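Remember, it's a predicted structure, so these values are computed and weren't measured experimentally. Proteins get letters first, then strands, A, B, ... in listed order; numbering begins at 1 in each. Heavy-atom basis, side chains included; hydrogens, waters and symmetry copies ignored.
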2 protein chains.
Amino acid sequence: MARKKNATLNDIASTIGVAPMTVSRVVNGTGYVSEKTREKVLLAVKEMSYRRNGLARNLKRQKTDTVGLVLGDISNPYSTEIANAVRERLAARGYNLFICISEHSANEDIGAFESLVDHNIDGLIVATRSNQEGDERLRSIADSNLPVVVVGRDFHHSRVDFVSADNLRGGFEATQHLIDLGHRRIAFIGAGFESRSSLKRLQGYLNALEKHGIEIDERLITGRKESVSDVPGYSTEKIGYEGMKRLLSLPSPPTAVFARNDFTAVGAMSAIKDAGLSIPQDIAIVGFDDTPLASHMMPALTTVRQPMRLLGQLAAEMLLKRIAIEDELERDERVLDCELIVRGSSVATS
Amino acid sequence: MARKKNATLNDIASTIGVAPMTVSRVVNGTGYVSEKTREKVLLAVKEMSYRRNGLARNLKRQKTDTVGLVLGDISNPYSTEIANAVRERLAARGYNLFICISEHSANEDIGAFESLVDHNIDGLIVATRSNQEGDERLRSIADSNLPVVVVGRDFHHSRVDFVSADNLRGGFEATQHLIDLGHRRIAFIGAGFESRSSLKRLQGYLNALEKHGIEIDERLITGRKESVSDVPGYSTEKIGYEGMKRLLSLPSPPTAVFARNDFTAVGAMSAIKDAGLSIPQDIAIVGFDDTPLASHMMPALTTVRQPMRLLGQLAAEMLLKRIAIEDELERDERVLDCELIVRGSSVATS
DNA sequence: TTGTAAGCGTTATCAT
DNA sequence: ATGATAACGCTTACAA
């Protein structure tokens, strides 16, 4: 038996001998319908297991009450917390959320954008790493006047709002913290997944060193040649492990390490332990993100916490505002503070 | 300035003086169009920044090349790994994936189903915890002949395929492992988020005890009264912590614990450490899922690993098959083996 | 309270 | 190689 075609409004209408419009009114609970007719319709609807066609409906209504969210690494708690916050805020305002995953390749970014835009979403939130082609497409989407908000990464467009944690400052403070502890040979692990200027955390690290007159040693900045493609989720851990190995083999290894994120930091910690060194006595380490992992490591990982929920909430609100106010809107731009969370991986606990 | 209306096929057509159909052919690369006309069209398309209307297109085509995935807890690596695997498989076959989050409440399940179905997705994959009302709606969706696959939970419907890890067996083996180590007072943490029969891991625990003639002590089964609503993501950890506290306050506390998942186990570990007890000497512990957390705990957490990627791949394939073959299909049902991963939380490392 | 007509933006189909 | 027409399933606006 082939898949049976679903009943339409017209089918219902002609079956019970009323106008399609009457059925529509009953189904949507709009306008006046006599109790008698209403019951007849409801019965038929149930009988024929009618299901309204959202495509047709939305085509006519010219809106979908749906927002799209494109996520890079869905395995990262950073992303999922944002997604949860976005969803909550949207739901409170009657909007649905469709999430698309793009594992950071330009093609996938574009695919995600297209599929979402194809469904005529009312707005788009983007939280992927930036890449040339993807950004180009995103720009053209913004040009076409679809409300867009970008989270946690750079993107400049007069009609696109932007919200991010202060990665520059976060990187600075993490490094500053290590300097304050007396370290001078401080390494950075996980550079180079993207252009250096776009990696604000690395920039913050460099700024802190510079401010304290510590010369930058390129050998202490690792990860530059790693390719991130086909890296599944949190296994940037591997990059941390290998980066640390390399650092340990230097003639004069670092006494402290700032890792681009917690997973990378965790990988580095493994390498340090494998080398028989202790944390933080031999090498201190700081991560970024404050994932659940961080607080459970041994020693617990000092890290920089991003206000994930707030990021998501703001992104949702900015977007809703753009959707509601159809007029030209000033670009809104928010940079939120991070918080350094000091734990045992940088300061020995008594 | 109000948001400008997007150009349509007709706009393009009338602007350059051809039929809409011609523009359509160019845009979709189907049928014959003279090079000259094509260029003219392409130019206009770019000029007017034309974007095809997917709603109208899909309404006409009667398909969307899109599959929906409803996820319960998106903060759980279990979910995200499945999502990644599903997405990959679908992408390889030209399908897009829209993910909806439902934090385990019936309303949200239904909302997610509805919003997805409203967009006329070609198929639906469901990976939420089961709940009465949600299941009812899901049943009616399946009745309406939309291809549906359910992952990692019960659901019976003649047209709905099913794939899951063997939670029963996993729970059994985890418990068996503890029994083999000589434990007799073994607790279970995290029962009761749903009906007991639906929590296969608990069932497996009970079966193992029974098999070895160990009497079931209800006081050792904890978590029954916890409500999971408004529990954000991985903070089932809290449930583990509190459950363990309660167990430790028993006249005769357990010597081993099986936790419903890794987060719960981690919470329990904290409680054990806080009580000044050591793992596994005083209390052994086993989790479930093998999240990244597990291998990094101190001691590392013994846990039961689910084949997440395989689950996702199979789900995608089952669904694609249902979509491709429009005829009635036998219900396909797969239960995949779990793997017990023994680490330091149950067996002291030498 | 109910019905009619038109159209949302495409594409399938047949015609030229 | 291009066009005309109808239809996808619904809702808006108006009429009865």
Side-chain angles (χ1 to χ4, degrees), chain A residues 3-42 44-45 48-66 114 117-122 144 146, chain B residues 3-42 44-45 48-66 114 117-122 144 146:
Chain A
R3 206 130 72 214
K4 75 166 178 276
K5 253 185 66 184
N6 289 354
T8 74
L9 220 45
N10 281 293
D11 296 340
I12 305 274
S14 64
T15 301
I16 60 177
V18 298
M21 204 45 230
T22 303
V23 180
S24 169
R25 282 193 264 257
V26 172
V27 171
N28 293 292
T30 60
Y32 298 101
V33 181
S34 74
E35 199 46 45
K36 220 168 122 184
T37 317
R38 147 172 267 101
E39 273 170 22
K40 237 184 0 182
V41 171
L42 251 20
V45 162
M48 309 173 68
S49 59
Y50 165 75
R51 189 144 237 131
R52 80 177 173 211
N53 184 318
L55 254 32
R57 179 163 196 261
N58 290 333
L59 173 59
K60 185 66 192 179
R61 297 197 319 149
Q62 299 285 67
K63 61 171 177 163
T64 55
D65 299 330
T66 299
E114 292 297 315
V117 172
D118 250 24
H119 281 258
N120 287 30
I121 48 170
D122 295 343
S144 81
L146 182 76
Chain B
R3 206 129 72 213
K4 73 168 179 277
K5 254 185 62 185
N6 289 353
T8 74
L9 265 187
N10 282 293
D11 296 340
I12 305 275
S14 65
T15 301
I16 60 177
V18 297
M21 203 46 229
T22 303
V23 181
S24 170
R25 281 194 263 257
V26 172
V27 170
N28 293 292
T30 60
Y32 298 102
V33 180
S34 73
E35 198 45 45
K36 218 169 125 184
T37 317
R38 147 173 269 101
E39 274 169 23
K40 237 185 356 184
V41 171
L42 251 21
V45 162
M48 309 173 68
S49 59
Y50 165 76
R51 196 147 229 128
R52 79 177 171 210
N53 184 319
L55 253 33
R57 179 163 196 259
N58 291 332
L59 172 59
K60 185 67 193 176
R61 296 196 321 150
Q62 300 284 68
K63 61 173 179 162
T64 54
D65 298 331
T66 299
E114 292 297 314
V117 171
D118 249 26
H119 281 258
N120 286 32
I121 48 169
D122 294 344
S144 81
L146 182 76

L59(B) vs G17(B), nearer the 5' end of DNA chain D by closest nucleotide: G17(B)
Angle by which the axis turns from one end of the helix from dT1(C)-dA16(D) to dT16(C)-dA1(D) to the other, five pairs per end, to 10 degrees: 40°
Listed by chain and number, what are the side-chain hydrogen bond (donor to acceptor under 3.5 Å, both in side chains) partners of T15(A), not counting sequence neighbours? none
Under 4.0 Å between any heavy atoms, over every strand shown, what does N58(A) touch: base, sugar-phosphate, or nothing? Just pick one. nothing
Separation of dC8(D) P from N53(B) CG (nearest whole Å): 18 Å
Does OP1 or OP2 of dT2(D) have a side-chain N or O of T22(B) closer than 4.0 Å? no
Partners of E39(A) by salt bridge (charged side-chain N to carboxylate O under 4.0 Å, His left out), sequence neighbours excluded? none
Given dT11(D), is OP1 or OP2 found less than 4.0 Å from the side-chain N or O atoms of R57(A)? yes
Any base atoms under 4.0 Å from T37(B), or only sugar-phosphate, or nothing? Heavy atoms, all strands. sugar-phosphate
Mind jotting down which residue pairs meet the salt bridge (Lys or Arg N to Asp or Glu O under 4.0 Å) criterion with at least one end in residues 49-59 of chain A? Sequence neighbours excluded, please. R51(A)-E114(B), R52(A)-D118(B)
Between dT10(C) atom C1' and I12(B) atom CD1, what is the distance in whole Å? 14 Å
All salt bridge (charged side-chain N to carboxylate O under 4.0 Å, His left out) counterparts of R61(A), not counting sequence neighbours: D65(A)
N28(A) side-chain N/O to dT11(D) phosphate OP1/OP2 under 4.0 Å: yes
Measure distances between side-chain N and O atoms of R25(B) and base N and O atoms of dG3(D), and say whether any donor-acceptor pair falls under 3.5 Å. yes
Is the phosphate of dA7(D) approached by Q62(B) (side-chain N or O, under 4.0 Å from OP1 or OP2)? no
Side-chain contact, heavy-atom cut-off 4.5 Å: Y50(B) with L9(B)? yes
OP1 or OP2 of dT11(D) under 4.0 Å from side-chain N/O of S24(A): yes
To the nearest 0.5 Å, tell me how far Q62(B) CD sits from K60(B) NZ. 8.5 Å
Please tabulate the protein-to-nucleotide N/O contacts below 3.5 Å involving nucleotides 5-7 of chain C, giving atom names and distances.
{"residue": "dG7(C)", "atom": "N2", "partner": "K60(A)", "partner atom": "NZ", "Å": "3.2"}
{"residue": "dG7(C)", "atom": "N3", "partner": "K60(A)", "partner atom": "NZ", "Å": "3.2"}

With N120(A) as partner, the option from T64(A), L55(A), N58(A) fulfilling side chain to side chain contact (heavy atoms under 4.5 Å, CB included) is T64(A)
Under 4.0 Å, heavy atoms only, any strand: does R38(A) hit a base, just the sugar-phosphate, or nothing? nothing
If I take atom CG from residue N10(B) and atom OG from residue S24(B), how far apart are they, to the nearest 0.5 angstrom? 10.5 Å
Spacing of L9(A) atom CG relative to dG3(C) atom P, expressed in whole Å: 12 Å
May I have the distance from N6(A) (atom CG) to dC8(D) (atom P), rounded to whole angstrom? 14 Å
Phosphate oxygens OP1/OP2 of dG3(D): is one of them under 4.0 Å from a side-chain N or O of Y32(B)? no
Side-chain touch T22(B)/T37(B), heavy atoms, less than 4.5 angstrom: yes
Are T66(A) and H119(B) linked by a side-chain donor-acceptor pair shorter than 3.5 Å? yes
Looking only at the side chain of S34(A) (C-beta and beyond, no hydrogens), which of the listed nucleotides dT10(C), dG9(D), dT2(C) gets closest? dT2(C)
Measure from CG on N10(A) to P on dT11(D) and round the result to the nearest Å. 11 Å
Taking atom C1' of dC8(D) as reference, at what distance in whole Å does atom CG of D11(A) sit? 12 Å
